[in-house]
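Remarks on the structure that follows.
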Protein chains: 2
Amino acid sequence: MNKFFQNKENHSSKKNRTRAAIIDGAIEVLAKKGFQNASIREMTEKAGIANGTFYNHYKDRRSIFDEVGKLIAIELTNAIEINEITTKDPAQKIINATTHFIKRSVQVKAWGNIFLEAYEEIPMIKKEVSRYLIRDIKNGIKKKLFKIKYDDFIVEQINVLILHAIRIQLKTGQDIKITNKTSNSILHLLNYQR
Amino acid sequence: MNKFFQNKENHSSKKNRTRAAIIDGAIEVLAKKGFQNASIREMTEKAGIANGTFYNHYKDRRSIFDEVGKLIAIELTNAIEINEITTKDPAQKIINATTHFIKRSVQVKAWGNIFLEAYEEIPMIKKEVSRYLIRDIKNGIKKKLFKIKYDDFIVEQINVLILHAIRIQLKTGQDIKITNKTSNSILHLLNYQR
DNA sequence: AATTAAATTGAGACTACTCTCATTTTAGTA
DNA sequence: TACTAAAATGAGAGTAGTCTCAATTTAATT
């Protein structure tokens with residue numbers, strides 16, 4: 001089992017270590033079974049703790065899902081931050097961010113799968129992953145590169161295309177062509193003047 | 001309860017009438033609870049039949065979901081056929097079909113909700129609802145109206161935008177502006193030369 | 001009307017969970 | 001080391017379903 005969040009808490013309090021174990025267990029089960037079929041029993045089994053312990057830390061399945069979803073959104077957004085490029089071209093920035101976001105989501109399959117399910121369910125996630133996109137779109141519009149008026153709906157449409165690229169690649173394997181086509185379509189939506 | 005499919009079978013055999021009752025019941029429950037939480041118990045209650053009767057007609061929840069999903073896809077595609085316009089402009093045809101498809105999906109909420117869930121799950125649905133779209137796209141490319149190469153992936157992207165428009169309107173109410181923005185984005189994806 | 005075939009019924013055996021709580025164990029502190 | 005507060009435990013009560021099958025009812029046929 002991937003102990004990503006446990007490893008972060010190795011030297012933290014017992015409470016935090018147990019929470020992290022639950023989180024890692026939950027990620028495994030949520031990714032494999034989806035929210036509705038992810039039982040708390042199986043999460044605690046994977047985490048190596050007793051069933052009842054779960055309830056010392058979380059109220060129910062929904063609350064662990066919320067926490068896991070947010071943590072994953074933050075980790076995936078990190079992939080954007082870490083790989084940010086120095087160009088001033090907003091189109092380039094968007095393509096770069098999109099590419100790395102998709103790449104990471106597909107490489108860490110459990111994250112990708114949970115992200116797909118959590119995106120519509122947890123409002124904070126939409127915000128978290130849209131930050132850079134919104135900044136670069138507004139910038140591109142100001143520079144007259146994108147011949148559109150700014151509109152939240154177009155941001156959502158772009159997100160939906162990104163989610164689709166992730167979904168496909170989680171199903172049929174990593175494929176840079178899919179990501180490139182997605183980038184291309186995003187620029188079309190933004191009415192990018194080449 | 002909406003008895004749409006039962007009404008079609010009013011003068012059919014007992015077997016067909018019972019099946020139709022199960023289908024109508026299942027639609028109600030699937031729309032309200034989603035696939036995973038739609039119990040067969042509740043479906044048969046709504047249908048006004050005994051629990052065990054379900055199993056004379058369907059193997060399990062998945063098999064009724066498949067049938068319902070396909071029936072709904074066909075009904076929604078009907079909304080395209082019925083409203084087809086005579087223009088030869090493929091762009092117009094696509095916008096018209098999209099508009100009516102979204103409208104119907106949003107008006108019959110149960111259908112819209114089930115369609116959203118079934119689209120990725122049941123391959124036949126993707127095919128069924130893409131038929132007209134593919135025809136018009138190919139036509140538009142031939143006429144040099146859409147400056148792209150034909151690609152199944154772009155069809156999927158368009159579908160994904162349509163699904164998104166439906167999802168939003170099921171959540172926040174019918175809104176022609178959302179549909180229009182979606183149509184506009186579809187033409188952008190097709191690189192439509194105005 | 002009698003017969004047979006088809007369809008329906010619902011009790012109940014199974015399965016699989018959620019969540020609580022009295023008890024035990026562990027960690028941190030004096 | 002002894003103490004105490006925090007955390008973990010897991011048995012079990014409660015809930016909610018799936019699916020089967022012997023018995024019954026209904027429909028169709030002769």
Side-chain angles (χ1 to χ4, degrees), chain A residues 1 3 5-69 114 117 121, chain B residues 1 3 5-69 114 117 121:
Chain A
M1 198 184 75
K3 300 199 172 180
F5 289 96
Q6 262 168 294
N7 290 339
K8 285 189 169 187
E9 303 293 338
N10 262 337
H11 305 290
S12 192
S13 66
K14 178 83 183 157
K15 186 170 185 170
N16 287 346
R17 278 181 283 133
T18 301
R19 278 181 84 97
I22 294 173
I23 289 167
D24 283 328
I27 287 175
E28 187 147 326
V29 183
L30 285 166
K32 195 175 70 189
K33 303 270 180 88
F35 174 68
Q36 291 296 353
N37 285 326
S39 77
I40 284 151
R41 270 250 144 74
E42 197 175 349
M43 290 178 198
T44 53
E45 258 168 44
K46 301 269 183 195
I49 59 169
N51 167 270
T53 303
F54 176 90
Y55 297 93
N56 295 334
H57 297 272
Y58 298 97
K59 187 173 148 284
D60 53 18
R61 176 172 37 218
R62 177 74 206 191
S63 73
I64 180 71
F65 178 65
D66 282 355
E67 172 134 355
V68 161
I114 294 170
E117 198 170 4
E121 287 293 319
Chain B
M1 198 184 74
K3 298 198 173 180
F5 289 97
Q6 260 168 294
N7 290 339
K8 286 190 171 189
E9 303 292 338
N10 261 338
H11 304 290
S12 192
S13 68
K14 179 87 185 157
K15 187 169 184 172
N16 287 346
R17 279 182 282 133
T18 302
R19 278 181 85 96
I22 294 172
I23 288 167
D24 284 329
I27 286 174
E28 187 147 325
V29 182
L30 285 166
K32 196 175 71 189
K33 303 271 179 86
F35 174 69
Q36 291 295 353
N37 285 326
S39 77
I40 285 151
R41 271 246 144 77
E42 197 174 349
M43 290 178 199
T44 53
E45 260 169 43
K46 302 267 182 196
I49 59 167
N51 168 268
T53 303
F54 176 89
Y55 297 94
N56 296 333
H57 298 272
Y58 298 97
K59 189 173 146 282
D60 53 17
R61 178 175 32 223
R62 176 73 206 191
S63 73
I64 181 70
F65 177 65
D66 282 355
E67 172 135 356
V68 161
I114 294 170
E117 199 171 3
E121 288 293 319

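Throughout, protein chains are lettered first and strands after them, A, B, ... in sequence-line order, and every chain is numbered starting at 1.
DNA chain D is contacted by Ser39(B), Ile40(B), Arg41(B) of residues 27-42 of chain B, taking any non-hydrogen atom closer than 4.0 Å.
The CZ-P distance, from Phe54(B) to dC21(D), rounds to 17 Å in whole Å. Remark: P of dT18(D) and CZ of Arg62(B) are 16 Å apart, rounded to the nearest angstrom. Straight-line distance from the CD1 atom of Ile22(A) to the P atom of dA7(D): 12 Å, rounded to whole Å. If you take CD of Glu45(B) and C1' of dT18(D), they are 14 Å apart, rounded to a whole angstrom. Rounded to an integer number of Å, the gap from Tyr55(B) OH to dG10(C) C1' is 13 Å.
Within the structure, side-chain hydrogen bond (donor to acceptor under 3.5 Å, both in side chains) contacts touching residues 30-40 of chain B (residues at least two apart or in different chains) are Gln36(A)-Asn37(B), Asn37(A)-Gln36(B), Lys32(B)-Glu42(B), Lys33(B)-Glu42(B).
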Under 3.5 Å between N/O atoms: give me all the protein pairs with nucleotides 23-25 of chain D, atom names plus distance.
none

Just the table, please: protein N/O against nucleotides 26-30 of chain D N/O, every pair under 3.5 Å.
none

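Between dT8(C), dA7(C), dT9(C), one nucleotide has an atom nearer to the side chain of Lys15(B) than all others, and that is dA7(C). Checking dG10(D), dA11(C), dT8(C) against the side-chain heavy atoms of Asn51(B) singles out dA11(C) as nearest. The side chain of His57(B) sits closest to dT8(C) out of dA8(D), dT8(C), dC19(C).
With sequence neighbours left out, the side-chain contact (heavy atoms from CB on, under 4.5 Å) criterion links Asn10(A) to Asn7(A).
For the pair Ala47(B) and Ala21(B), the tightest heavy-atom approach, listed with the atom from each and the gap, is CB-O, 3.3 Å.
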Can you give me every donor-acceptor pair (side chain of residues 48-60 of chain A, partner residue at least two apart or in another chain, under 3.5 Å) with its distance?
residue: Thr53(A); atom: OG1; partner: Ala50(A); partner atom: O; Å: 3.4
residue: Asp60(A); atom: OD1; partner: Arg62(A); partner atom: N; Å: 3.3
residue: Asp60(A); atom: OD1; partner: Ser63(A); partner atom: N; Å: 3.1

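Tested against Gln6(B) for a side chain to side chain contact (heavy atoms under 4.5 Å, CB included), the candidates Asn16(B), Asp24(B), Ile23(B), Ile22(B) yield a single pass: Asp24(B).
Taking 3.5 Å as the limit, the base of dA7(C) and the side chain of Asn56(B) contain no donor-acceptor pair of atoms between them. A donor and an acceptor atom never sit less than 3.5 Å apart when one is taken from the side chain of Asp60(A) and the other from the base of dC19(C).
The side chain of Thr53(A) contributes an N or O atom lying less than 4.0 Å from OP1 or OP2 of dT9(D).
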